Participant: 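Mind looking over this structure? Questions follow.
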Amino acid sequence: MFLATYHAIEEALRASAGEEDVQLIDGGEHADLASTVAFRLAKVRKKAPAAIAQEIASEIAGTLDDRDVQVEVIGPYINFIFGRRYASRAAEAALAEGYGQLAPRRTSVCIEHTSANPNGPLHVGHIRNSIIGDTLARAFRKAGHPLEVQYYLNDMGRQIAIVSWGFDTLAVEPREGEKGDHYIARVYVAANRAIGDDPATAAEIDRRMALIEQGDPDTVRKFRHVVSMCADGIKATLQRLNVHHDRYIWESDFVRNGQMETTLDRIASLPECIRDDVLSLDLTGCGFEKRYVLRRSDGTSVYAARDLAYHIWKGSNFDDIIDVLGADHKLIGAQLIATLGLLGENAPEIVHFEFVSLPEGSMSTRRGTFVSADELIDEVTERALEEVTARRPELDLDERRAIARSVAVGAIRYDIVRVSPDKSTVFDWKEALNFERQSAPYIQYAHARACSILARAGEFEAACDLATENEIALAKHIALFPRMVAKVVEERRPHMLATYARELADLFNQFYRYEPVLKSEGVVRDSRLTLVKAAQNTLHETLETLGIDALRSM
RNA sequence: GGGCUUGUGGCCUAGUCAGGAUAGGGCGUUAGCCUCCUAAGCUAAUGGUCGGGGGUUCAAAUCCCCCCAAGCCCGCCA
């Protein structure tokens with residue numbers, strides 16, 4: 001609805017102004033859309049912008065009547081105001097199941113996100129990755145792309161060698177009911193402490209790394225054991241957060257299947273390759289000072305070598321590759337892209353997000369200074385349960401728990417996704433536990449209210465003739481949802497969806513406050529019920545895309 | 001030292017890439033609104049040198065240059 005109207009306006013302006021770029025901007029409080037093309041034409045036509053705006057407006061005004069678009073001029077601005085018919089039709093269009101789903105697209109996409117090392121549980125920094133990645137994935141599905149979401153499991157790094165050493169030599173016992181990932185973190189922290197500066201232990205770690213690379217069966221078994229234990233815990237946490245991966249890719253597979261070796265052979269034949277005691281690339285031509293080392297002097301490979309093989313594999317299976325990575329990976333990400341470019345391979349597009357820290361400083365699994373995702377979910381759920389119990393004491397405990405879970409996960413996801421990825425943040429318990437406005441529960445609540453109205457309404461005629469300002473403003477915003485989905489995908493910025501959801505809830509609440517639905521009569525009642533249904537459906541689809549449960553009652 | 005990112009009322013944040021009309025929200029504080037579809041709500045008040053300085057432009061939070069501050073990176077770790 002919006003897009004078709006947008007394009008019609010664009011075409012009309014192009015024809016009249018004779019410019020390709022007709023300077024369409026958001027009209028703010030003045031209009032639904034506005035054009036500032038008159039400024040641009042002032043020099044060419046040697047006339048005042050306001051006069052030009054007037055000319056263009058009178059020329060195109062009639063052509064947009066069938067779309068219910070009114071053209072007005074304020075000074076040099078050409079304003080386009082959508083009318084009642086537009087709004088009414090937009091509301092009707094939003095009744096369809098799966099509203100916002102765009103037409104199927106051919107470009108297949110692979111999104112890799114989270115991929116945290118299996119040496120401890122996910123913490124509040126990691127889940128920023130998970131939530132950005134998962135929301136992006138949901139948006140890509142909504143936008144019609146064939147998609148696979150992957151978790152790249154680093155199962156043969158130094159950290160895992162340290163964990164396996166600690167597991168074998170330190171008597172760290174699992175606690176009663178302790179999840180594997182939390183247990184592994186304690187082993188990892190203890191192992192790091194035990195190793196200290198001892199060169200003998202460091203040598204033992206190196207030995208394990210050489211053995212895992214050679215595929216020594218006993219070492220493989222040991223590594224697999226600790227990695228699986230940790231990964232199972234991570235998977236459970238992701239599930240709690242409504243985060244879904246289609247596949248887990250084990251890093252060591254690229255060593256076992258020979259693809260890493262093939263990749264290193266190809267790199268060895270590049271003119272940028274330097275072979276002395278190590279295998280490395282001189283990327284100064286791409287603007288990187290330091291050498292990009294791929295194989296150590298002891299013959300073992302570094303992470304980057306396996307990562308290159310992984311990306312080449314992804315590139316041969318998908319059209320677009322998107323990696324969600326922390327800002328600390330910016331340099332190596334750029335080096336990876338440059339190297340894939342030298343090899344003539346499909347390079348990923350990397351969505352970076354800045355760090356999450358604690359008020360007392362940065363988080364570290366090694367030091368054990370982090371707030372785990374599980375701990376966060378537990379706390380927020382408990383707080384949510386108190387809230388639900390206070391508001392809905394009549395519900396039985398299971399029902400209240402179910403609502404609390406959805407509220408808690410929603411609150412966490414929304415709190416994280418609403419902030420632009422390139423802003424570093426400080427984790428704040430007070431903020432995390434607040435369920436008012438600019439939070440998921442606020443949006444979930446708007447949805448639940450809409451559901452409640454519809455449940456009480458019973459059958460009604462499908463009519464839609466919107467009239468009041470509140471009705472029209474809400475319907476117009478509903479009309480923007482498909483465009484939002486397209487934008488989030490194009491710009492890879494999921495936080496825009498969070499802003500949209502909040503605005504939609506704001507408009508619904510205003511409508512709810514001022515326009516009685518069930519108490520109105522005749523076509524007004526039917527129209528308002530249709531609008532409530534459209535709003536409910538759009539809120540539902542928006543929440544779904546954000547990975548937040550659209551509760552029917554709360 | 002070099003590179004990347006960020007800086008918007010007391011606090012958090014949208015808008016910056018694709019310049020346009022009075023810089024949107026929220027938290028907090030203050031004052032109101034439940035015999036009326038769920039008050040996780042609504043209304044109003046309060047609060048801004050858009051880090052600082054220059055420049056480009058009819059027009060700058062937005063583009064360019066310089067400076068300041070914070071975070072991150074610069075390993076034969078991942």
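Numbered from 1 within each chain, the chains take letters A, B, ... in sequence-line order. Please read all numbers here as calculations on a predicted model, not as lab measurements.
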Participant: Using OP1 and OP2 only, check whether a side-chain N or O of A:Arg437 sits under 4.0 Å from B:rG26.
Facilitator: yes
Participant: Hunt down the Watson-Crick or G-U wobble partner of B:rG32, both distances under 3.5 Å, from any strand shown, or write none.
Facilitator: B:rC42
Participant: Expressed as a whole number of angstroms, how long is the span from A:Tyr414:OH to B:rG25:C1'?
Facilitator: 10 Å
Participant: Considering every strand and a 4.0 Å limit on heavy-atom distances, what is the contact class for A:Gly157: base, sugar-phosphate, or nothing?
Facilitator: sugar-phosphate
Participant: Both distances under 3.5 Å, Watson-Crick or G-U wobble: report the partner of B:rC50, or none.
Facilitator: none
Participant: Between the protein and nucleotides 73-75 of chain B, list the N/O to N/O atom pairs that are separated by less than 3.5 angstrom.
Facilitator:
residue, atom, partner, partner atom, Å
B:rC74, O2', A:Lys290, NZ, 3.1
B:rG75, OP2, A:Lys290, NZ, 2.6

Participant: Write down the distance separating the P atoms in B:rG41 and B:rC65, rounded off to the nearest Å.
Facilitator: 44 Å
Participant: Can you tell whether the side chains of A:Lys330 and A:Glu354 come within less than 4.0 Å, N to carboxylate O?
Facilitator: yes
Participant: Does A:Gln444 reach a base, just sugar-phosphate, or nothing at all? Heavy atoms under 4.0 Å.
Facilitator: nothing
Participant: Quick one: the side chain of A:Asp26 and the base of B:rA21, do they pair up donor-acceptor inside 3.5 Å?
Facilitator: no
Participant: Are A:Lys487 and A:Glu490 within salt-bridge range, i.e. N to O under 4.0 Å?
Facilitator: no
Participant: Please determine whether any donor N or O and acceptor N or O are separated by less than 3.5 Å between the side chain of A:Asp277 and the base of B:rC76.
Facilitator: yes
Participant: Let's test your reading of the model: under 3.5 Å, does the base of B:rC76 pair with the side chain of A:Ser297 as donor and acceptor?
Facilitator: yes
Participant: Please measure how far the P atom in B:rC4 lies from the corresponding atom in B:rC66, and state the result in whole Å.
Facilitator: 11 Å
Participant: Should the pair A:Arg295-A:Glu261 be classified as a salt bridge under the 4.0 Å nitrogen-to-oxygen rule?
Facilitator: yes
Participant: At 4.0 Å (heavy atoms only), tell me whether A:Ala42 reaches a base, stays on the sugar-phosphate, or touches nothing.
Facilitator: nothing
Participant: If stacking means aromatic ring centre less than 5.5 angstrom from the base's six-membered ring centre, planes under 30°, is A:Phe39 stacked on B:rA59?
Facilitator: no
Participant: Suppose you measure atom P in B:rU62 against the same atom in B:rG7; what distance do you get, rounded to whole Å?
Facilitator: 11 Å
Participant: Ion pair present between A:Glu394 and A:Arg392, side-chain N to carboxylate O less than 4.0 angstrom?
Facilitator: yes
Participant: Are A:Tyr512 and the base of B:rG41 stacked, counting only ring centres nearer than 5.5 Å and planes tilted under 30°?
Facilitator: no
Participant: Would you call B:rC63 syn or anti, using the 90° rule around 0?
Facilitator: anti
Participant: Any base atoms under 4.0 Å from A:Tyr303, or only sugar-phosphate, or nothing? Heavy atoms, all strands.
Facilitator: base
Participant: What is the distance from NZ of A:Lys330 to P of B:rC72, rounded to the nearest Å?
Facilitator: 13 Å
Participant: When the P atoms of B:rA23 and B:rC67 are considered, how many whole Å apart are they?
Facilitator: 31 Å
Participant: Is the phosphate of B:rC27 approached by A:Tyr442 (side-chain N or O, under 4.0 Å from OP1 or OP2)?
Facilitator: no
Participant: With rounding to the closest Å, how many angstrom separate the C1' atoms on B:rG51 and B:rG71?
Facilitator: 15 Å
Participant: Between B:rA61 and B:rU16, how far apart are the P atoms? Round to whole Å, please.
Facilitator: 14 Å
Participant: Using a 4.5 Å cut-off on heavy atoms from C-beta on, say whether the side chain of A:Arg405 contacts that of A:Val409.
Facilitator: no
Participant: Take atom CG of A:Leu294 and atom P of B:rA78, then tell me their distance rounded to the nearest Å.
Facilitator: 11 Å
Participant: How does protein contact run along nucleotides 9-15 of chain B, one letter per nucleotide 5' to 3', with B for base contact, S for sugar-phosphate only, - for none, heavy atoms under 4.0 Å?
Facilitator: ---S-SS
Participant: Are A:Lys314 and A:Glu112 within salt-bridge range, i.e. N to O under 4.0 Å?
Facilitator: yes
Participant: Would you tabulate the side-chain donor-acceptor contacts of residues 32-41 of chain A under 3.5 Å, counting partners in other chains and residues two or more places apart, or write 'none'?
Facilitator:
residue, atom, partner, partner atom, Å
A:Asp32, OD1, A:Lys476, NZ, 3.4
A:Asp32, OD2, A:Phe82, N, 2.7
A:Asp32, OD2, A:Lys476, NZ, 2.8
A:Ser35, OG, A:Val22, O, 2.7
A:Ser35, OG, A:Val37, N, 3.1
A:Arg40, NH2, A:Gln23, OE1, 3.2

Participant: Please identify each residue that fulfils ring-ring contact (aromatic ring centres under 6.0 Å, His included) with A:Tyr152, with sequence neighbours left out.
Facilitator: A:Tyr310
Participant: In whole angstroms, how far is the C1' atom of B:rA39 from the CZ atom of A:Arg392?
Facilitator: 13 Å
Participant: Is a salt bridge present between A:Asp276 and A:Arg291, judged by a nitrogen-to-oxygen distance below 4.0 Å?
Facilitator: yes
Participant: How would you label the contact of A:Val388 with the nucleic acid (heavy atoms, under 4.0 Å): base, sugar-phosphate, or nothing?
Facilitator: base
Participant: Please report the distance, rounded to the nearest Å, between CG in A:Asn470 and C1' in B:rC37.
Facilitator: 15 Å
Participant: Provide the distance between the two P atoms, one in B:rU22 and one in B:rC50, to the nearest whole Å.
Facilitator: 15 Å
Participant: With a 4.0 Å cutoff (strictly under), does any side-chain N or O of A:Arg502 reach OP1 or OP2 of B:rG24?
Facilitator: no
Participant: Mind checking who B:rC63 pairs with, Watson-Crick or G-U wobble, both distances under 3.5 Å?
Facilitator: B:rG55
Participant: Report the base-pairing partner of B:rC27 (Watson-Crick or G-U wobble, both distances below 3.5 angstrom), or none.
Facilitator: B:rG10
Participant: I need the CD-C1' distance between A:Gln335 and B:rC77, as an integer number of Å.
Facilitator: 13 Å
Participant: Scan A:Val517 against the nucleic acid and name what it touches under 4.0 Å (heavy atoms): base, sugar-phosphate only, or nothing.
Facilitator: base
Participant: Would you say A:Gln510 places a side-chain N or O within less than 4.0 Å of OP1 or OP2 belonging to B:rU43?
Facilitator: yes
Participant: Expressed as a whole number of Å, how far does the C1' atom of B:rC36 sit from that of B:rA31?
Facilitator: 23 Å
Participant: According to ring-ring contact (aromatic ring centres under 6.0 Å, His included), who are the partners of A:Tyr248, at least two apart in sequence or on a separate chain?
Facilitator: A:Tyr151, A:His245
Participant: If the cut-off is 4.0 Å, is A:Asn509 near the phosphate of B:rG41, judged by side-chain N/O to OP1 or OP2?
Facilitator: no
Participant: My understanding is that a pair needs two contacts under 3.5 Å, Watson-Crick or G-U wobble. By that rule, which nucleotide pairs with B:rA18?
Facilitator: none
Participant: Between A:Arg492 and A:Glu349, does any side-chain N to carboxylate O distance fall below 4.0 Å?
Facilitator: yes
Participant: A:Ile443 CD1 to B:rG41 P: how many Å, rounded?
Facilitator: 11 Å
Participant: Not counting sequence neighbours, list each pair that qualifies as a ring pair (Phe, Tyr, Trp, His ring centres under 6.0 Å) and has a residue in residues 424-443 of chain A.
Facilitator: A:Phe427-A:Trp429
Participant: Under 4.0 Å, heavy atoms only, any strand: does A:Asp276 hit a base, just the sugar-phosphate, or nothing?
Facilitator: nothing
Participant: Whether A:Arg401 and A:Asp396 form a salt bridge (side-chain N of Lys/Arg under 4.0 Å from carboxylate O of Asp/Glu) is what I want to check.
Facilitator: no
Participant: Can you check the A:Tyr514 OH to B:rC37 P distance for me, whole Å?
Facilitator: 17 Å
Participant: Under a 3.5 Å cut-off for both distances, is B:rG75 Watson-Crick or wobble paired, and to whom?
Facilitator: none
Participant: For A:Ala34, answer base if it contacts any base atom (sugar-phosphate contacts may also be present), sugar-phosphate if it contacts only those atoms, and nothing otherwise; contact means non-hydrogen atoms under 4.0 Å.
Facilitator: base
Participant: Using 4.0 Å as the upper bound for N to carboxylate O, is an ion pair formed by A:Glu379 and A:Arg383?
Facilitator: no
